[in-house]
Amino acid sequence: MTTSIHITALDGIVNVNSLFTLAVFIGLAWNPSDPSNSLVTDPNCTPTARMAENLVAFHVYSFASFLFSSLVALGLKQAMRLNIAASFPHFSTRIDPVVYYVNKTALRFGMVISGLGSVSGCVFLMLALINVVQIKLGSFGCGASGHTYAAVVPLLILVPSALFIYVSLMLYAFTR
């Protein structure tokens, strides 16, 4: 395979994952059990300890998924750079050549694994955000306010739609 488009794609995965990883890390620093950090006034809608536990767990799963995806992408980039250095020793390592010769199967496998890590990170981040909404605005089980549903419904529509488009385009790219 002889293209640098894959390097650009891997850079994009690493950059987006870095932003999400930072967001998740900041989210982990937030204390969900702080009673003054909620807008719930009805005692029946008070968030449970299980919601706070799920929030932290989903943040950790998301963090791990984004980190995994980024490390796989960075490993693929490094393998390409090592391959070009070994194949063309007369090129300076400071020059980023336009063409890389890599194993197409290994590259595809690595990019799919990295993409799946990003997708699972997005799913876990969405689940964590649903728990944040329940903690801030009230749980679903008590007939929560319309604000709770107004916050969660777009999240449940837009994130899976974006993930479907991402996966579809990723699979399309591999068939070409």
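By the 6.0 Å contact criterion, OH on Tyr166 is enclosed, its count of non-hydrogen atoms from other residues, nucleotides or ligands being greater than 12.
The side-chain contact (heavy atoms from CB on, under 4.5 Å) check on Asn131 picks up Met51, Asn54, Leu55, Phe58, Gln134, with sequence neighbours excluded. For Ile165, the side-chain contact (heavy atoms from CB on, under 4.5 Å) partners at least two apart in sequence or on another chain are Leu169. Phe124 pairs by the ring pair (Phe, Tyr, Trp, His ring centres under 6.0 Å) definition with Tyr61, not counting sequence neighbours.
Residues Leu158 and Val132 fall into different hydrophobic clusters, defined by Ile, Leu, Val, Met, Phe, Trp and Tyr side chains chained together at heavy-atom separations under 4.5 Å. Residue Tyr149 is grouped with residue Val133 when hydrophobic side chains (ILVMFWY) are merged at heavy-atom distances under 4.5 angstrom, including chains of intermediate members. Side-chain heavy atoms closer than 4.5 Å link hydrophobic residues (I, L, V, M, F, W, Y) into clusters, and following such links, possibly through other members, connects Leu155 to Val119.
Of all non-hydrogen atoms in Leu125 and Ser62, the two that sit nearest each other are CB-OG, 3.6 Å. The minimum heavy-atom distance linking Leu137 with Ala151 is given by the pair CD1-CB, 4.4 Å. Taking all atoms of both residues into account, the shortest heavy-atom contact from Leu76 to Gly110 is CD1-C, 3.4 Å.
Side chain of Ser114 to main chain of Ser69: a donor-acceptor pair is present (N/O by atom type, distance under 3.5 Å, no hydrogens or angles).
Remark: His59 NE2 to Leu129 CG distance equals 6.5 Å, nearest 0.5 Å.
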Next item on the list: Could you walk me through whether Glu53 and Thr48 pass the side chain to side chain contact (heavy atoms under 4.5 Å, CB included) test, one step at a time?
Entry: CA-CA 9 Å; Glu53 291 168 0; Thr48 63; over 6 Å; no
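Side-chain atoms of Leu156 and Ile130, non-hydrogen and from C-beta on, do get closer than 4.5 Å to each other.
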